[in-house]
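All ligand and atom numbering here is 1-based and tracks the order in the structure.
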Amino acid sequence: MSFDTVIMVDWSGGNDRGATPKKDAIWTCIARAGQAEPPLYHRNRQIAETYLQDTLTAEQTAGRRTLAAFDLCFAYPAGFAEKLTGSDDPLALWDWFAARVTDTPGLNNRFDLAGQINTQFPGIGPFWGNGRPNHDVPHLPRKGRDRTGHDLPEHRATDLAAPGAFSPWQLSGAGAVGGQVIMGLPMLSRLRHHFGAALSVWPFEAPAADIVLAESYFSLLPASYLTGHAIRDAAQVALYARAFSALTPNQWQTVLDVVPTAEGWVLGLGHQDLLKGAAMPDLTPPPLRNDCFAMPQGAHWTPVEDALAHLRAQLSPITATETIPLAAAAGRILAAPVIAARSHPPHANAAVDGYAFAGPLPDGPRTLPLHPGRAAAGDPFIGTVPDGHALRILTGANIPDGTDTVVLQEDTAANDTHIALHGPLKQRANARKAGEDMTAGSDVLPAQRRLTPADLATLAACGTGQVAVHKRLRVGVLSTGDELRAPGAPATDGQIFDANRAMLLADIGRWGHAAIDLGIAPDDRPKLRTILDDAADRCDAILTSGGASAGDEDHMSALLQGTGTLALWRIAMKPGRPLALGLWQNTPVFGLPGNPVAAQVCALVFAHPALAHLAGAQWPTPQGFSLPAAFSKSKKAGRREYLRARITDGAAEVFPSEGSGRVSGLSWATGLVVLPDAAAQITPGTPVTYIPFASFDL
Ligand code: AMP
Ligand code: MG
């Protein structure tokens, strides 16, 4: 049990607070793995609610489990809900308030509604604290002591346990929370209905959904922990977001383990010491801060092998077939097995220049009479050589009738009528058998094979003039990012040259596909959509780089998400997370990372086999070799690592920097060293797996 993201919300019951950040307004803060983003100010509830809904959607899209905690009571003291709704279900009370609260940035009905509610209870009713100085509100007393006999507890059990907690009946005065509860429950109700089964409300529901809402209270930690912000509300949301996001899965288990009651419970109450440990800024550094690829606790990471198995299972060949001349077939993929039209060699023939006779020849010197005539390649001897005679023969000539054995010219002495030679010589020495290489009608090469230059010779030798191959897979390459310029074009300081497109187009060419340059797309969703629409028409598959994570400018994953086909994989590999996969109008899209090193490693590991598979080829598994390491490295468990490497003096040397933007390291390298998913301690001499780039068909 844990959360990738914690959103802490300081709610408010008042009116619009203006454009400049102020205290006693709505503040929110997002934190992940013990790191808080800057707190955000929201001038009114409408803006804050939109922000929350959008942010929760984005987190959900990115596959991050999120806890959103609000400093407002999720329920009232026992007996209140039942009286108003007929049920003690606090969530039904949320809906009850949602139906009755009216709210605009400048005006809301919280005091009037509280007064109306009071009329339903004996005596004066529970609510008090008319906050409007010159305006009496019917049935809402100014002072708490003015109330009598409403029969409800003043506090919930959780408020009694929380040091200094206010009663939700109190609507005004310093520290009062009643107003923000009335003005918060309708917002919670709407969020809950919007996200449906993807959201649960703790502790009333099990905290198992993608999004969990909980009640927080900002006096669980010492005030001395509040640092870094002039505005206390901002410091509070930052502190509590950071503290909760630093909890380990076991600590979450502890914190969330309460007996649910209809009054609810404050998140973390009773576990203040544990929260202090998580919050203590200087003593508990956030886990693995210096490692940007650290895996957030509880997130789901897909091992490389699982991702490959999934690709293999989900994709099927999409290319039609065509028949082309053999000479044009290098690099193409056979659509059907090739059967030998003729044996190779078609006849028994001589492997050397010399003399043919009927073998074997016994030990000792012999003289054989020469038969007139000659056998040469392409010019066979017509007739039968008489027993005991020899015939002049040249390499490649069919073995003449009456003979089966050839003696090498250099091993003989000859005149016009005889040859002399030494035995022994085995029968059929220096003769190639008919069909010893390939026999007519046998399988020569299987379907799904990508034809090598040597394959063309093999196919030619057994009489294949034309081959049925898959049509070339058309693969588009698109770079995304406002910062990108074509190499050589004028570029300002903030701009960089598009390194990925030329590389990926060249990869695709080497892999035998038809590469289609789709250019550079800006970080602009409508424009990207138009580019993808056009690309889907012209391409069988699309490789994009950049914009694949879940950040603000990561439009590729957002668009694929919109198609409902996105799988955003956090792959347990370095470099290279994340990898976005989706279908755009049925065309597979591989959203590679933006960093050139990560883009290339992901292209080699995932796009290479997946495109081969789509193109009708057998799934390629790159051939690696075990070499002694020429480096030291202590590798943590969890992710497979790919290091730029080359062979020096028979050992695998790795590029000194693992930085994923260091594209020159790709040129330095001749291949990749792959370190296993498990932890590894590597010292010079430890065997490691080295995969040359050639094994990726580069
Ligand atoms: P992104 O995935 O879009 O956040 O990009 C990650 C990093 O890779 C950023 O530093 C980008 O500027 C960089 N990047 C993205 N696309 C390319 C590209 N085509 N060529 C070189 N760098 C890129
Ligand atoms: Mg980008």
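- At least one side-chain heavy atom of Pro609 sits under 4.5 Å from a side-chain heavy atom of Leu308.
- With a 6.0 Å radius and a threshold of 12 heavy atoms from other residues, nucleotides or ligands, Asp649 has its CG atom at or below the threshold.
- Nearest-residue assignment for atom 6 (C) of ligand 1 (options Ala598, Ala502, Pro596, Gly594; heavy-atom criterion): Gly594.
- Under 4.0 angstrom from ligand 1, there are no non-hydrogen atoms of Arg501.
- Between the CZ atom in Arg65 and the CD atom in Gln60 there is a gap of 11.5 Å [rounded to 0.5 Å].
- The pair Lys471-Asp540 fails the salt-bridge criterion, with no side-chain N (NZ, NE, NH1 or NH2) lying under 4.0 Å from an Asp/Glu carboxylate O.
- Distances below 4.0 Å separate heavy atoms of Ser479 from the following atoms of ligand 1: 19 (N).
- At least one N or O atom of Ala499, backbone or side chain, sits closer than 3.5 Å to an N or O atom of ligand 1.
- Of the candidates Leu478, Val663, Asp554, Leu592, it is Asp554 that places a heavy atom closest to atom 4 (O) of ligand 1.
- Ring-plane geometry between Tyr51 and His42 is classed as tilted, the angle between the planes lying from 30 to 60 degrees on a 0 to 90 degree scale.
- When heavy-atom distances to ligand 1 are checked against a 4.0 Å cut-off, Leu484 comes that close only through its side chain, counted from C-beta outward.
- Residue Phe497 has at least one heavy-atom neighbour below 4.0 Å for each of these atoms of ligand 1: 20 (N), 21 (C).
- Ring planes of Trp511 and His513: perpendicular class, angle over 60° (limits at 30 and 60°).
- Residue contacts with ligand 1, taken as heavy atom pairs separated by less than 4.0 Å, do not involve Ala599 at all.
- Below 4.0 Å from some heavy atom of Asp498 lie the following atoms of ligand 1, by number and element: 18 (C), 19 (N), 20 (N).
- Distance check: Ile26 CD1 to Trp11 CH2 gives 4.0 Å after rounding to the nearest 0.5 Å.
- Side-chain atoms of Ser245 and Arg32 form no donor-acceptor pair, as typed in the model, at a separation below 3.5 Å.
- Close approach of ligand 1 to Gly547 is summarised as follows: ligand atoms under 4.0 Å from at least one heavy atom of the residue are 1 (P), 2 (O), 3 (O).
- Atoms of ligand 1 lying under 4.0 Å from at least one heavy atom of Gly546, given by number and element, are 1 (P), 2 (O), 3 (O).
- With Asp523, Leu504, Asn595 as candidates, the residue nearest to atom 7 (C) of ligand 1 on a non-hydrogen basis is Asn595.
- Two residues are said to be in side-chain contact when any heavy atoms from C-beta on lie closer than 4.5 Å; Gln236 and Met8 fail this criterion.
- Not a single heavy atom of Gly481 sits closer than 4.0 Å to an atom of ligand 1.
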